[in-house]
K.L.:
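The following block contains the structure, expressed as structure tokens.
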Amino acid sequence: MKHLLTLCIGFFMLLSCNNKPSQSAAIATDEPEVNEDTLFRVIDLANNLKPCSDSLLLSDIVEDVEYVKLETADNGLVGAMNRGYVSDSAIFYSSSGNTTPPPHIFMFDRFTGKFIRTIGKSGQGPGEMHWPIGVVARDSLVYISSTYRNELFVHKIKNGEFVKCIPLNKPHTAAENYYIVNNRIIHFPFYDVWDGKYLMCDMSIQDFDGNIIQKQTPDVDYTGFDDRNRPNTGFAVAWAYKNHPNVYSFFTDTIYAAFDDTIRPRYFLSLGKYKRPLQLKVSAEWKNYIIFHRFWETKDCLLGSFGLEQKAWFFRYDKKSKEIKTWKQDAEGLKASFPIPPAYEWIIGSAAGIINDIDGCSDHLRKMDYISENQFAICITQDNRDEIRKIVSESTNVKFPEKRQQLLELIDSMGPDDNPILAIYKLKD
């Protein structure tokens with residue numbers, strides 16, 4: 001796989017020297033057919049950072065929206081909503097809830113928003129966890145990751161009963177992003193072993209017994225790395241498309257996807273001089289390099305957001321025409337109750353984001369977190385409801401005016417202590 005990636009990158013460089021458009025190259029495979037989603041594509045981002053005049057519209061990637069108002073219950077008061085997942089029947093959220101002892105996962109009815117129960121127990125005993133990081137539901141089970149534990153805690157959705165723990169081959173940190181596909185766990189450790197050096201890992205496929213099936217390990221020169229001078233990789237930028245988990249590798253600027261028990265490269269993002277050096281630490285210099293935040297994908301395009309030179313950028317790659325469009329937006333810096341050190345002033349706090357021509361609701365695209373393989377959500381809370389109501393009420397030319405009105409009515413119905421409203425957006429395809 002490493003040799004294949006090297007060949008593909010070399011092929012791209014040859015094309016660039018000849019000033020010819022990038023061409024798609026098919027990944028070699030033993031399968032009788034290679035569908036479009038397994039093709040390897042080169043995206044020359046460095047030479048296409050020319051903001052276009054077209055509008056950046058949410059309808060380009062979203063086909064529908066629905067709303068669920070989460071019921072406010074004595075033992076189901078949601079605090080800060082951290083990570084969520086929406087299954088066919090239920091909504092799950094990890095949160096810093098207000099109950100004692102603190103619950104780990106809140107569970108609500110998928111359609112009515114009625115509070116059902118909390119899942120998980122706090123502690124250090126069998127089946128108990130410290131604090132939830134992520135949640136994924138599959139069939140009749142819910143899988144929860146926790147801080148300080150390299151395990152997934154499995155519970156029954158029906159009654160919240162603890163079933164077992166699944167070991168994760170991921171030491172030192174909890175799994176923030178992971179997927180459950182066909183009795184496999186796909187997660188993104190970045191590094192997995194400390195033995196005098198860091199062994200980097202972009203994506204890992206393992207079974208429920210903790211055995212590694214395959215992992216993508218970038219070819220990195222570890223010379224000079226030690227515990228005080230290790231690469232600062234940040235968090236995994238991961239998503240799923242057609243139930244295939246994808247991850248962007250900071251090391252190789254390649255997007256990899258898991259197809260059954262095989263990891264394949266799908267995209268190479270050519271960043272040129274905007275590629276952050278591997279050993280560059282957190283500092284003001286980060287503003288000079290592309291730092292990716294999110295990716296969204298449909299049948300027609302790959303859409304990504306990133307920061308560069310303290311601006312918020314978006315790019316759209318058209319899979320058919322191979323056209324690359326980019327947008328640049330002014331951005332606010334990181335806000336906090338304490339002075340921000342100069343080394344962190346490069347961090348983008350918020351930006352205008354995508355124009356929401358679906359229903360007018362907006363809380364900036366960078367805050368739209370995935371809640372399943374083809375859906376993301378905006379959480380309307382006590383903290384942002386007035387701002388969002390103003391944005392929605394002033395919006396025009398939306399594709400679903402009746403849903404815009406429904407959203408306004410739901411916001412007006414929120415009491416001072418009510419749980420959030422979820423605006424759930426379905427991606428195209």
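Computed from a prediction, not measured in an experiment: that's the story for all the values here.
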K.L.:
Pair Lys121, Glu161 - check salt bridge (Lys or Arg N to Asp or Glu O under 4.0 Å), show working.
P.N.:
CA-CA 10 Å; Lys121 293 182 180 179; Glu161 176 186 348; over 6 Å; no

K.L.:
Do the numbers put Lys275 on top of the ring of Phe251, so that NZ or CZ is under 6.0 Å from the six-membered ring centre and no more than 45° off the axis?
P.N.:
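Not flagged: Lys275 not positioned over aromatic ring of Phe251.
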
K.L.:
Taking only residues two or more places apart in sequence or in another chain, which ones pass side chain to side chain donor-acceptor pair (under 3.5 Å) with Ser55?
P.N.:
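Not a single residue meets the side chain to side chain donor-acceptor pair (under 3.5 Å) criterion with Ser55.
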
K.L.:
Would you name the heavy atoms of Thr254 and Phe40 that are closest together and state the gap between them?
P.N.:
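Here Thr254 and Phe40 meet closest at CG2-CE1, 4.5 Å.
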
K.L.:
Can you see which heavy atom on Asn419 is nearest to which on Gly76, and at what distance?
P.N.:
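Of all heavy-atom pairs spanning Asn419 and Gly76, the closest is ND2-O, 2.8 Å.
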
K.L.:
For the side chain of Asp412 and the backbone of Glu409, is there at least one donor-acceptor N/O pair under 3.5 Å apart?
P.N.:
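The answer is no, because no donor-acceptor pair under 3.5 Å joins these two groups.
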
K.L.:
Looking at Asp418, is its backbone amide N or carbonyl O close enough to the side chain of Gln382 to form a donor-acceptor pair, meaning the two atoms are under 3.5 Å apart?
P.N.:
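Confirmed, Gln382 side chain pairs with Asp418 backbone.
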
K.L.:
Could you walk me through whether Trp239 and His244 pass side chain to side chain contact (heavy atoms under 4.5 Å, CB included), step by step?
P.N.:
CA-CA 8 Å; Trp239 71 100; His244 296 296; over 6 Å; no

K.L.:
Is Asn159 atom CG crowded by more than 12 heavy atoms from other residues, nucleotides or ligands, each under 6.0 Å away?
P.N.:
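Atom CG in Asn159 is packed in, count exceeds 12.
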
K.L.:
Tell me if the centroids of the rings in Phe115 and Phe108 come within less than 6.0 Å of each other.
P.N.:
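Yes: the rings meet the under 6.0 Å criterion.
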
K.L.:
Determine whether Phe376 and Leu427 make a side-chain contact, defined as any pair of heavy atoms from C-beta on separated by less than 4.5 Å.
P.N.:
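Contact flag for Phe376/Leu427 side chains = yes.
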
K.L.:
Say whether His130 and Thr147, considering side chains only, have a donor N or O and an acceptor N or O under 3.5 Å apart.
P.N.:
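There is such a pair between these side chains.
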
K.L.:
Between Asn384 and Cys379 (side chain of the first, backbone of the second, donor and acceptor by atom type, cut-off under 3.5 Å), is there such a pair?
P.N.:
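Yes; judged by distance alone, with no hydrogens or angles, the pair exists.
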
K.L.:
Whether the side chain of Asn177 engages the backbone of Ala238 through a donor-acceptor N/O pair (distance < 3.5 Å, no angle test) should be reported.
P.N.:
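Judged by distance alone, no pair lies under 3.5 Å.
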
K.L.:
Okay, side chain of Thr381, backbone of Pro420: is any donor-acceptor separation there less than 3.5 Å?
P.N.:
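Not a single qualifying donor-acceptor pair exists.
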
K.L.:
Looking only at side chains, do Asp202 and Tyr248 share a donor and an acceptor under 3.5 Å apart?
P.N.:
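No - no donor-acceptor pair under 3.5 Å links their side chains.
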
K.L.:
Counting only heavy atoms not in Asn211, do more than 12 fall under 6.0 Å of its CG?
P.N.:
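Atom CG in Asn211 is crowded, with more than 12 foreign heavy atoms closer than 6.0 Å.
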
K.L.:
Considering residues at least two apart in sequence or located in another chain, which fulfil the side chain to side chain contact (heavy atoms under 4.5 Å, CB included) criterion with Gln375?
P.N.:
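With neighbours one apart ignored, the set is Glu66, Val86, Arg110, Ile371, Ser372, Ile424.
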
K.L.:
Please say whether the positively charged group of Arg276, taken as NZ for Lys or CZ for Arg, lies over the ring of Trp286, i.e. under 6.0 angstrom from the six-membered ring centre and within 45 degrees of the axis.
P.N.:
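Pair Arg276/Trp286 counts as cation-pi.
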
K.L.:
Got a second to check how far Asn356's CG is from Ile391's CD1, nearest 0.5 Å?
P.N.:
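Atom-to-atom, Asn356:CG and Ile391:CD1 are 9.5 Å apart.
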
K.L.:
Working to the nearest 0.5 angstrom, can you tell me the gap between Ile166 CD1 and Ser145 OG?
P.N.:
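Between atom CD1 of Ile166 and atom OG of Ser145 there are 12.0 Å.
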
K.L.:
As a test of understanding, state which of Lys242, Lys319, Arg41 forms a salt bridge (charged side-chain N to carboxylate O under 4.0 Å, His left out) with Glu297.
P.N.:
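Answer after filtering Lys242, Lys319, Arg41: Lys319.
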
K.L.:
Quick one: does Tyr178's side chain have a donor or acceptor within less than 3.5 Å of a partner on Tyr143's backbone?
P.N.:
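It does hold such a pair.
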
K.L.:
Apply the test side chain to side chain contact (heavy atoms under 4.5 Å, CB included) to residues Leu422 and Ile91: give CA-CA distance (whole Å), side-chain angles for both, the deciding distance (0.1 Å), then the verdict.
P.N.:
CA-CA 10 Å; Leu422 292 186; Ile91 296 172; 3.9 Å; yes

K.L.:
Quick check: are there more than 12 heavy atoms from other residues, nucleotides or ligands sitting under 6.0 Å from NZ of Lys287?
P.N.:
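For Lys287, atom NZ is not crowded (no more than 12 foreign heavy atoms under 6.0 Å).
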
K.L.:
Given 3.5 Å as the limit, does a donor-acceptor pair link the side chain of Gln406 with the main chain of Lys403, or not?
P.N.:
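No: the side chain of Gln406 does not pair with the backbone of Lys403.
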
K.L.:
For Leu45, check side chain to side chain contact (heavy atoms under 4.5 Å, CB included) against everything at least two apart and list the hits.
P.N.:
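Here the qualifying residues are Leu49, Leu271, Ile290, Phe292, Phe306, Phe315, Ile324, Thr326.
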
K.L.:
Roughly how far, to the nearest 0.5 Å, is the CG atom of Leu56 from the NZ atom of Lys328?
P.N.:
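Those atoms lie 15.0 Å apart.
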
K.L.:
Is there a side-chain contact between Arg404 and Val392, using heavy atoms and a 4.5 Å cut-off?
P.N.:
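Yes - at least one pair of side-chain heavy atoms lies under 4.5 Å apart.
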
K.L.:
Return yes if a side-chain donor-acceptor contact under 3.5 Å exists between Tyr241 and Asp429, otherwise no.
P.N.:
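Distance-only check passes for Tyr241 and Asp429.
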
K.L.:
To the nearest 0.5 Å, what is the distance between CG on Leu410 and CZ on Arg389?
P.N.:
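The CZ atom of Arg389 is 11.5 Å from CG of Leu410, to the nearest 0.5 Å.
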
K.L.:
I would like to know whether Val181 and Ile186 meet side chain to side chain contact (heavy atoms under 4.5 Å, CB included); could you show each step before the answer?
P.N.:
CA-CA 8 Å; Val181 182; Ile186 295 90; 4.1 Å; yes

K.L.:
The criterion is side chain to side chain contact (heavy atoms under 4.5 Å, CB included); which residues satisfy it with Cys301, sequence neighbours excluded?
P.N.:
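Cys301: side chain to side chain contact (heavy atoms under 4.5 Å, CB included) contacts with Asp60, Ile61, Thr298, Arg316.
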
K.L.:
Do Phe314 and Trp327 have ring centres separated by under 6.0 Å?
P.N.:
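No, too far apart.
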
K.L.:
Would you kindly say whether Asn243 and Tyr179 are connected by a side-chain donor-acceptor distance under 3.5 Å?
P.N.:
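Result is no, nothing qualifies.
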
K.L.:
Give a yes or no on whether the backbone of Gln214 and the side-chain of Gln206 come within a donor-acceptor separation of less than 3.5 Å.
P.N.:
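Here the side-chain-to-backbone pair does not exist.
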
K.L.:
Taking the side chain as every heavy atom from C-beta outward, state whether Leu58 and Tyr425 have any pair of such atoms under 4.5 Å apart.
P.N.:
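Heavy-atom side-chain distance check passes, below 4.5 Å.
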
K.L.:
Please check if the side chain of Ser413 supplies one atom and the backbone of Ile411 the other of a donor-acceptor pair under 3.5 Å.
P.N.:
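No; zero donor-acceptor contacts below 3.5 Å.
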
K.L.:
Within this structure, what is the SG-CD1 distance for the pair Cys361 and Ile378, rounded to the nearest 0.5 Å?
P.N.:
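Between Cys361 SG and Ile378 CD1, I get 4.0 Å after rounding to 0.5 Å.
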
K.L.:
Please identify which of these residues, Lys426, Lys428, Lys399, meets the salt bridge (charged side-chain N to carboxylate O under 4.0 Å, His left out) condition with Glu63.
P.N.:
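Result: among Lys426, Lys428, Lys399, Lys426 is the only option passing the salt bridge (charged side-chain N to carboxylate O under 4.0 Å, His left out) with Glu63.
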
K.L.:
Hey, is the main chain of His187 close enough, under 3.5 Å, to the side chain of Ser204 for a donor-acceptor pair?
P.N.:
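Judged by distance alone, no pair lies under 3.5 Å.
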
K.L.:
If you define the side chain from C-beta out and look only at heavy atoms, does anything of Ile185 sit under 4.5 Å from Leu152?
P.N.:
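Ile185 vs Leu152: side chains touch.
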
K.L.:
Using the side chain to side chain contact (heavy atoms under 4.5 Å, CB included) criterion, which residues pair with Asp109? Sequence neighbours excluded.
P.N.:
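Counting only residues at least two positions away or on another chain, Asp109 forms a side chain to side chain contact (heavy atoms under 4.5 Å, CB included) with Phe111, Thr112, Lys114, Ile116.
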
K.L.:
Determine whether Asp253 and Tyr267 make a side-chain contact, defined as any pair of heavy atoms from C-beta on separated by less than 4.5 Å.
P.N.:
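Answer no - side chains too far apart.
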
K.L.:
Is there side-chain contact between Tyr317 and Lys322, with at least one heavy-atom pair below 4.5 Å?
P.N.:
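In short, these two side chains touch, coming nearer than 4.5 Å.
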
K.L.:
In a check of side-chain contact (heavy atoms from CB on, under 4.5 Å) between Met203 and each of Thr217, Ile263, Asn246, which one passes?
P.N.:
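Going through Thr217, Ile263, Asn246 one by one, the side-chain contact (heavy atoms from CB on, under 4.5 Å) with Met203 is satisfied by Ile263 alone.
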
K.L.:
Identify whether the distance between the nearest side-chain nitrogen and carboxylate oxygen of Glu151 and Arg149 falls below 4.0 Å.
P.N.:
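Here Glu151 pairs with Arg149 in a salt bridge, since their nearest N and O are under 4.0 Å apart.
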
K.L.:
Roughly how far apart are Met129 CE and Ser122 OG, rounded to 0.5 Å?
P.N.:
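Answer rounded to 0.5 Å: 9.0 Å.
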
K.L.:
Would you check if the distance from the ring center of Tyr289 to the ring center of Tyr274 is below 6.0 Å?
P.N.:
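Distance test on ring centres: not under 6.0 Å, no.
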
K.L.:
Between Arg184 and Asp207, is a salt bridge (Lys or Arg N to Asp or Glu O under 4.0 Å) present by the stated rule, with each step listed?
P.N.:
CA-CA 5 Å; Arg184 296 288 189 260; Asp207 62 23; 5.4 Å; no

K.L.:
Using side chain to side chain donor-acceptor pair (under 3.5 Å) as the criterion, list what pairs up with Trp313, not counting sequence neighbours.
P.N.:
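Residues passing side chain to side chain donor-acceptor pair (under 3.5 Å) with Trp313: none at all.
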
K.L.:
Taking the side chain as every heavy atom from C-beta outward, state whether Val142 and Phe92 have any pair of such atoms under 4.5 Å apart.
P.N.:
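Touching, per the 4.5 Å side-chain cut-off.
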
